[in-house]
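Below, each value reflects all heavy atoms present in this structure, side chains not excepted, and no hydrogens, waters or symmetry copies. Chain naming here is simple, since letters A, B, ... match the order of the sequence lines and numbering starts at 1 in each.
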There are 4 protein chains.
Amino acid sequence: MNDMSVTAPDKATTRQNILDAAVRIFREKGFQKARVSDIVSAAGLAQGTFYLYFRSKEDIARQICKKFMDRFTRIFEEDHEVFDSTSLSELHVRIRKMIHSALKTLKEDANAAEIVLREGIGQGGLFKELYEDLILSFIELLREKISMGASRNILGIRDPHTTAVFIVGLVERSFFFFMIMKKELDIDTIAADMSAFILKGLDPAPLP
Amino acid sequence: MNDMSVTAPDKATTRQNILDAAVRIFREKGFQKARVSDIVSAAGLAQGTFYLYFRSKEDIARQICKKFMDRFTRIFEEDHEVFDSTSLSELHVRIRKMIHSALKTLKEDANAAEIVLREGIGQGGLFKELYEDLILSFIELLREKISMGASRNILGIRDPHTTAVFIVGLVERSFFFFMIMKKELDIDTIAADMSAFILKGLDPAPLP
Amino acid sequence: MNDMSVTAPDKATTRQNILDAAVRIFREKGFQKARVSDIVSAAGLAQGTFYLYFRSKEDIARQICKKFMDRFTRIFEEDHEVFDSTSLSELHVRIRKMIHSALKTLKEDANAAEIVLREGIGQGGLFKELYEDLILSFIELLREKISMGASRNILGIRDPHTTAVFIVGLVERSFFFFMIMKKELDIDTIAADMSAFILKGLDPAPLP
Amino acid sequence: MNDMSVTAPDKATTRQNILDAAVRIFREKGFQKARVSDIVSAAGLAQGTFYLYFRSKEDIARQICKKFMDRFTRIFEEDHEVFDSTSLSELHVRIRKMIHSALKTLKEDANAAEIVLREGIGQGGLFKELYEDLILSFIELLREKISMGASRNILGIRDPHTTAVFIVGLVERSFFFFMIMKKELDIDTIAADMSAFILKGLDPAPLP
DNA sequence: GATGAATGAGTCTTCATTCAT
DNA sequence: AATGAATGAAGACTCATTCAT
């Protein structure tokens, strides 16, 4: 804000530079193989500077993941009233919208998402607990909603919990496949296909 | 059987002891954090002994994963004629059987499965390529079968490839959730629910 | 010169300290038996510091030897016009001067010379190729000059190449004996005796 | 000697097989890099067998070198009356003969000679003392004889010790060059050239 | 705020040697 | 005599973290 701020980058900027560099490096090499020296040299700073902004290598990784997961959780929670739908057709619209916004959020920060998914599942185990809690909370949320739908007879599944697991797994790994492995994710199409597939799976009509 | 065989373990036994110990340690700590010294002390051997049987820490991990993946691939390939079914009801039976045997195989060697799933996805990247190739080959196999089913109008999906991704993701992550996170997998129930869910998703009937 | 310069050694100083310590340790123990920990503790530094300055134990040894051999080669090449002499008496003066300066150079950096001579010949073989190439180039240079002298009838030997080998061997091993084994080398005397001995050997007059 | 000796190799044979294999391996890799496992597998035996015949890796190397050096010393001592010659021309004949037989002995067991020369000079230092003692004893022997020749005025050199060093160095390194580096040593020619060169160097006639 | 030189704990891997069979 | 599986000490190298300037 003052006239100094033009020449010297302020703390916030330097911090963000380090974060950006770290996201890139973590995604490329993974947490374990990424060196602090990789991050600082990508950010154009000296080794020691890193520790003025972050307590440790684990600290910055945790912050990156935490921030991403929080953001994703918020989006998800905003959308979750989707299952309050009273008809299957209304549900169809809402579910597609929810999947669309979830994929959109993931895609917008695909680097962080990749770090979270890989480190969360990988045995490195840095965020195993954090990540597994997140997944559990999604599953629980979904289970509740599915239970409600099932009780109103608009959904036809045996066990809401199991079904919630199916859906979360399907969405998570499909995102991983298209966005992270294939580096190409057409949100509109995938969201449409995915909601159609899931909807049928939830359909109360019995199998032929 | 004779009194000699009790005292001295032969090379095969020692090798298997190391493998068993390694599977345990890798599952507990992950490849990166597992030390060779952890493995040998779990096997009750000296450091150097390890290198009489395996070229390196990476070597043993690769052997464990390779063996498991080969076994799983074989099981999967034996079952894959499932989609040659001519009716949806026959398909239902076959698909449940296939999922059942896949889950059974995974459960039978749950430790190795966990290592493969975690290391295959994790950025540590030791088996990323190997694992992603495996997933791709499953998806491709499934895509072919689904395409055939779709052409015979017994399946109703927009794009066989996308659908194959959905199914593989659903099965993989559900196994991960129940067997690895929850440590409890009731194969019969899950296979039934999973095949029902998938079958509906594949149903040629339009959404209501 | 100011009070700051006393406290903190700069990178060049630290590097030189490591080099000095390494020369000492390599000479005492030889390359194979010298441990990096010996070098750093002789230099009063921590293990890791070594790797800030040198890529590996082999790297530093190679640098020490390369630098020494380059310096020696330069001295030798500056002097080599010695054999352009037109008379045996002029040759005598020049040859003594050349031997003198060769011995002087070797003596001035006797530690590095010892490392080069021992490692160059020893089967450890770190510098075998490098060193044998050096010897070959000296022999070739000498051979050329002797050939010229022989063609002008101021030298009387059967084969210039063989004679060059004799001379290089004589000088090398005599230096080794006096400087490295005996730790005492009177350059003036040895250069005089050596040039006299060699000169007679080159004399065109037949044996009595 | 008995009828068993045909089928099973006796101790002496096995011992010799190990020695032969060791000479080969030591020459190829040098003492430090040669592994006991290299030696036994070259000899077609098991690891443990080695230690039935030799106390340690160093032990066998020492025996190989000791045996070679003893043999060489014996040859040399048989010939050393060469300098008792009363005339330069008689000396010429005798010196050539001595050099010839030294080179012949070295060449006959070139592998062992190479090991001794390389390990004796190399910093590995296994035989440094042993070898340097040997060299010193040759020099001393030569010095005595040269002294006698000088006192009888058939040799014209300033200092017998220095001259002895020159000669030993010349012979040793020339052998090294032709036999070990070039793998080709024409004993007759080299002995002739060498004795001519040395003889002139010893000639009492002053330089022109 | 920033720097970057220094630190040293942590681990894989090699290989001479032993010993039970 | 021979075997070969097992041992364990030794040492190079990495990299997160500290701190004096």
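Between the P atom of dA5(F) and the CG atom of Asn17(B) lies a distance of 15 Å, rounded to the nearest Å. Look at CD1 on Ile60(B): it is 12 Å from P on dT13(E), rounded to the nearest Å. Atom CZ in Phe54(A) sits about 15 Å away from atom P in dA16(F), given to the nearest Å. Between Glu58(D) atom CD and dT17(E) atom P there is a gap of 9 Å when expressed in whole angstrom units. In this structure, Asp10(D) atom CG and dA1(F) atom P are separated by 9 Å, rounded to whole Å. Atom CZ of Arg15(D) is separated from atom C1' of dA1(F) by 16 Å (rounded to the nearest Å). For the pair Gln32(D) CD and dA10(F) P, the interatomic distance rounds to 16 Å; values are reported in whole Å. Atoms CG (Leu52(A)) and C1' (dG4(E)) sit 12 Å apart, rounded to a whole Å.
Distances from the side chain of Lys57(B) to the nucleotides dC12(E), dT7(E), dA12(F) place dC12(E) closest. For Arg35(D), counting side-chain heavy atoms from C-beta on, the closest listed nucleotide (dC15(E), dA2(F), dT17(F)) is dC15(E).
The list of salt bridge (Lys or Arg N to Asp or Glu O under 4.0 Å) pairs with a residue in residues 37-56 of chain C, not counting sequence neighbours, reads Lys29(C)-Asp38(C), Arg35(C)-Asp38(C).
Between Asp20(C) atom CG and Arg15(C) atom CZ the span is 11.0 Å, to the nearest 0.5 Å. Atoms NZ and CG, on Lys128(D) and Asp133(D) in that order, are 12.5 Å from each other to the nearest 0.5 Å.
Ile18(A) and Ala43(A) get closest at one heavy-atom pair: CA-CB, 4.3 Å. Contact between Ala42(B) and Ile25(B) at its shortest, heavy atoms only, is CB-CD1, 4.2 Å.
When heavy atoms are screened at a 4.0 angstrom cut-off, Tyr53(B) is found touching the sugar-phosphate backbone but no base atom. At a threshold of 4.0 angstrom between heavy atoms, the contacts of Ala34(D) are confined to the sugar-phosphate backbone, with no base atom among them.
Here the side chain of Thr49(D) pairs no donor or acceptor atom with the backbone of Leu45(D) at under 3.5 angstrom.
Mapping Phe50(D) and Leu45(A) onto DNA chain E by nearest heavy atom places Leu45(A) at the nucleotide closer to the 5' end.
Under 3.5 Å, the side chain of Gln47(A) and the base of dT17(F) form at least one donor-acceptor pair of N or O atoms.
Remark: Tyr51(D) is in phosphate contact with dT17(E), judged by side-chain N or O atoms under 4.0 Å from OP1 or OP2. Note on Thr49(D): every side-chain N or O is 4.0 Å or more away from OP1 and OP2 of dA1(F). For the OP1/OP2 pair of dG11(F) and a distance below 4.0 Å, the side-chain nitrogens and oxygens of Ser37(C) include no atom meeting the criterion. OP1 or OP2 of dA1(F) sits under 4.0 Å from a side-chain N or O of Lys11(D). Put simply, Thr14(B) has a side-chain N or O that comes within less than 4.0 Å of OP1 or OP2 on dA6(F).
Ion pairing of Glu132(A) with Arg118(B) is present here, as a side-chain N (NZ or NE/NH1/NH2) and a carboxylate O approach within less than 4.0 Å.
Consecutive pairing runs in DNA chain F reach the stem threshold at E:2-21 with F:2-21, where a stem means at least three Watson-Crick or G-U wobble pairs with distances under 3.5 Å.
For the pair Ile115(D) and Phe31(D), the minimum side-chain heavy-atom distance is 4.5 Å or more.
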